[in-house]
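The first residue of the sequence shown is numbered 1, and numbering continues consecutively from there. Keep in mind it's a predicted model, so treat the numbers as computed, not measured.
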Amino acid sequence: MGIRQRRRITRSLENVYSLGGSTGAYRIELKLFESKANSDTSVAIAASPIAIVFNRGLAQDKFELAVSAAADLRDNSVFVAETGMLTIQRVKALGSYYQAKLKHLGDNKFELIDVQEIPATKE
């Protein structure tokens, strides 16, 4: 892991646990890779990322619900940095499935722009 990546992770953790951090479940996903000595050039990349989820102030049942709902977001969401739009293609909440669009407001905050209930599919 390079110095820039370590700084980004440290800042993210500081934001989660600072006094201004919001109550919620925070997920950090890491993808391990091996690089050449003194280089950022990858020579091997792990097939699956490692996810770590932090609980900041949620009751245990609410935290478990949040972790369960977000379990497949890695393959199920698209974030476009240029527009700040996050689209979650399919998320289960309260027994139904939804597609959601959120706008990044900065400072680790998102605004819900649109949500549509979608049909359940076989799992």
Visitor: Can you find a side-chain donor-acceptor pair between Gln99 and Gln89 that sits under 3.5 Å?
Guide: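 Their side chains do contain a donor-acceptor pair, which is all the 3.5 Å distance test asks for.
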Visitor: Check side-chain hydrogen bond (donor to acceptor under 3.5 Å, both in side chains) between Glu111 and all other residues, then give those that pass, not counting sequence neighbours.
Guide: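 For Glu111, no residue satisfies side-chain hydrogen bond (donor to acceptor under 3.5 Å, both in side chains) once neighbours in sequence are set aside.
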Visitor: Using the test ring-ring contact (aromatic ring centres under 6.0 Å, His included), find all partners of Phe110 that sit at least two apart in sequence or belong to another chain.
Guide: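 For Phe110, the residues satisfying ring-ring contact (aromatic ring centres under 6.0 Å, His included) (neighbours in sequence not counted) are His104.
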Visitor: Who passes side chain to side chain contact (heavy atoms under 4.5 Å, CB included) against Glu82, sequence neighbours left out?
Guide: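 Expected list: Val80.
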Visitor: Give a yes or no on whether Val67 and Leu58 share a hydrophobic cluster (residues Ile, Leu, Val, Met, Phe, Trp, Tyr; joining criterion: side-chain heavy atoms under 4.5 Å apart).
Guide: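 Shared cluster, yes.
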Visitor: Please confirm whether the backbone N or O of Leu86 pairs with a side-chain atom of Lys103, one donor and one acceptor, at under 3.5 Å?
Guide: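 Side chain of Lys103 to backbone of Leu86: no pair is present.
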Visitor: To the nearest 0.5 angstrom, please state how far the CG atom of Asn55 sits from the NZ atom of Lys62.
Guide: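 It comes to 12.5 Å.
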Visitor: Side-chain heavy atoms nearer than 4.5 Å, only ILVMFWY residues, links allowed to pass through others: does that put Val115 and Leu102 together?
Guide: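 The answer is yes; both residues are in one hydrophobic cluster.
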Visitor: To which residues is Leu105 joined in a hydrophobic cluster, defined by side-chain heavy-atom contacts under 4.5 Å among Ile, Leu, Val, Met, Phe, Trp and Tyr, whether direct or through other members?
Guide: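 When side chains under 4.5 Å apart are linked, Leu105 ends up in no cluster with other residues.
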Visitor: Calculate, to the nearest 0.5 Å, the distance between atoms CD and OH belonging to Gln116 and Tyr98 respectively.
Guide: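 The OH atom of Tyr98 is 11.0 Å from CD of Gln116, to the nearest 0.5 Å.
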Visitor: Could you pull out all residues at least two apart from Asp61 that satisfy side chain to side chain contact (heavy atoms under 4.5 Å, CB included)?
Guide: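 Checked Asp61 against side chain to side chain contact (heavy atoms under 4.5 Å, CB included); matches are Ala59.
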Visitor: Looking only at heavy atoms, which two atoms of Ala100 and Leu112 are closest? And how far apart?
Guide: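 Between these two residues, the closest heavy atoms are CB-CD1, 4.2 Å.
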Visitor: For Leu65, enumerate each residue passing the side chain to side chain contact (heavy atoms under 4.5 Å, CB included) test, keeping only those at least two apart in sequence or located in another chain.
Guide: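 Partners of Leu65 under the side chain to side chain contact (heavy atoms under 4.5 Å, CB included) test: none.
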